[in-house]
Structure formats: structure tokens, C-alpha cells
Amino acid sequence: MATAAELLIPLRPGLVPVPAAGQAGVCRYCHGACDPNYEQCFPCLEAVRSIGAVEILPISMSVDGDLLHRHLRGYKDDRSAQVRGRMSLRLAALVSVFIEHHRSCVGEFDSVVTVPSPGRVAVEAVVRRVRSLVGGYRPALRATGVGSKNELRTDRFEVLRAVQGERVLVLDDTFTRGPTLFSAVGALREAGAVIVGPVVVGRHVQPGWGPSRELLAWLRSRPWDEGRCCRCAGERADAGGML
Ligand SMILES: [Zn+2]
Ligand SMILES: [Zn+2]
């Protein structure tokens with residue numbers, strides 16, 4: 001039986017460190033690229049106004065078309081069940097290694113909740129393979145089909161059980177602009193849950209977009225390291241500088 005560290009090896013070339021908040025051009029909430037004159041990107045600003053602050057904890061940046069991105073699509077959509085299984089296992093290894101190193105960065109939680117799409121809960125295939133999370137996995141959301149995937153509205157999700165006062169670790173696969181995750185977080189908060197994380201496997205980045213291109217220019221020159229995350233030691237643009 002291979003260990004998580006061994007299973008992760010083929011995925012490593014696709015992993016990109018996540019920039020720390022609090023530096024110019026990095027959104028303090030989602031860690032994507034933003035206008036250097038602001039602390040956050042526009043979608044996060046709107047989300048914070050609507051549902052309160054949500055500090056996303058991405059495990060890696062996910063560059064459009066690259067290896068991690070292909071896993072994050074393929075684990076749910078590849079035609080071959082064998083490929084889906086192999087990709088799910090690698091993603092589970094990544095989550096497992098990350099949680100092992102960053103429990104205190106994630107914070108204490110009572111349960112693990114994933115974000116469903118109408119008709120399926122893709123990321124469940126990953127959570128069910130992560131030993132440190134599966135014991136606490138207690139689904140709480142149903143996608144209602146209301147609204148579109150680009151809208152932040154809490155009625156896109158129905159909360160299926162009592163979560164009042166519960167510290168809920170929210171886990172999702174990919175974060176792009178966030179309306180789905182923010183809607184899920186908003187619905188859970190309205191039901192009284194305390195949000196932990198949310199942990200997302202990949203912070204999606206379009207390398208062709210100017211601000212992202214600049215961000216990636218320095219991020220991709222650094223190795224992804226399981227000992228560091230954007231909360232405890234995120235990548236900094238000036239790392240290794242003379243001062
Ligand atoms: Zn943002
Ligand atoms: Zn950390």
C-alpha cells in the first residue's frame with residue numbers, strides 16, 4: 001500500500017505555491033491576483049459585503065491546462081473509471097499531506113462538509129480517501145438548482161441538518177471566482193455554522209490574464225513545499241531578496 005507521500009509524487013510537477021496575503025497584487029481573501037491598489041479582488045469584496053469575510057485556504061495554485069488543473073477536471077469527468085480513480089487518489093494524497101502539516105493553520109473543526117453541484121458531490125470521491133477527514137465527514141448541503149453558477153445567493157444551497165454552533169470545515173476542489181463556494185458558506189452561516197477553512201485544493205489561475213501572469217512569473221519559479229501554506233509561510237514576491 002503506497003503512502004500519501006508516494007502517491008503525491010506524480011502530481012508534484014503541477015503544484016504551485018500559494019502567495020501570502022498582505023502583499024501588493026495578492027487578494028487577501030482568495031490569494032489570486034488583484035489590482036495592487038486594493039487589498040482584495042472585486043469578487044471577494046462583493047462576497048465579504050454579502051456574507052462576511054471568508055479567508056480561503058488554497059493548497060496549491062492551479063494553472064489552467066496544467067497538471068493539477070487536469071486532475072481537478074479529470075477526477076470527475078474523465079471517461080475512464082480507472083483514470084478517475086487514480087486522479088482522485090492523488091488528490092486525496094495531496095489533501096492528506098496538507099492537512100497533516102497544517103492542522104493548526106486550518107483550525108479546530110467538528111465536521112467536514114463538501115460543496116455539492118446539482119446532482120453530484122464530486123469532491124466526496126476525494127474526502128472519502130482521506131483518513132484524517134473521512135471520520136468527520138457529515139454532508140450538510142444540497143444544491144437546489146436555484147440561480148446560476150455565477151451568482152452568489154445562499155438559496156443555491158439547502159442546509160440538510162442542524163449545524164448551529166458547529167465548526168464546519170468546508171472543502172472544495174477548485175476555486176475560480178468563488179460564487180459557488182461563497183454561496184455555500186453563506187447558507188451554512190445563515191444556519192449558524194462557524195466556518196473553518198474553507199480549504200480548496202486548487203486556486204485556479206488563467207495564465208494569460210495580465211495580473212495573473214505577473215503573479216505566476218515568480219510563483220512558478222519556487223517549489224511547492226508541503227511544510228508551508230499561505231497562512232503559515234505563504235510565498236512572498238521578495239523572498240530571497242537582499243534586505
Ligand atoms: Zn479574491
Ligand atoms: Zn500552514
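Counting starts at 1 for both ligands and their atoms, in listed order. Just the heavy atoms: all of them, side chains too, but no hydrogens, waters or symmetry mates, feed the values below. For clarity, every value in this text was computed on a predicted model and none was experimentally measured.
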Notebook entry, point to check: What closest approach, in Å, do Ala140 and Leu188 show between heavy atoms, and which atom pair accounts for it?
Noted result: CB-CD2, 4.4 Å

Notebook entry, point to check: Which protein atoms of type N, O or S are found under 2.8 Å from the Zn ion (ligand 1)?
Noted result: Cys27 SG, Cys30 SG, Cys41 SG, Cys44 SG

Note to self: Side chains of Leu94 and Leu15, heavy atoms from C-beta outward: is any pair under 4.5 Å?
What the structure shows: yes

Notebook entry, point to check: So, are Asp173 and Arg120 salt-bridged, with charged N and O less than 4.0 Å apart?
Noted result: no

Check: What are the two closest non-hydrogen atoms of Arg161 and Pro139, and how far apart are they?
Finding: NE-O, 3.2 Å

Notebook entry, point to check: Can you check whether Val146 reaches Arg153 side chain to side chain, under 4.5 Å on heavy atoms?
Noted result: yes

Note to self: How close do Gly197 and Arg231 get, counting heavy atoms only, and between which atoms?
What the structure shows: O-NH2, 3.0 Å

Next item on the list: Work out which heavy atom in Arg103 is nearest to a heavy atom in Ser132; give both atom names and the distance.
Entry: NH2-O, 3.5 Å

Notebook entry, point to check: For the Zn ion (ligand 2), which protein N/O/S atoms are closer than 2.8 Å?
Noted result: His102 ND1, Cys105 SG, Cys229 SG, Cys232 SG

Notebook entry, point to check: So which heavy atom on Trp224 is nearest to which on Ile59, and how close?
Noted result: NE1-O, 2.9 Å

Item checked: Beyond-backbone contact of Glu55 with Arg28, side-chain heavy atoms, under 4.5 angstrom -> yes

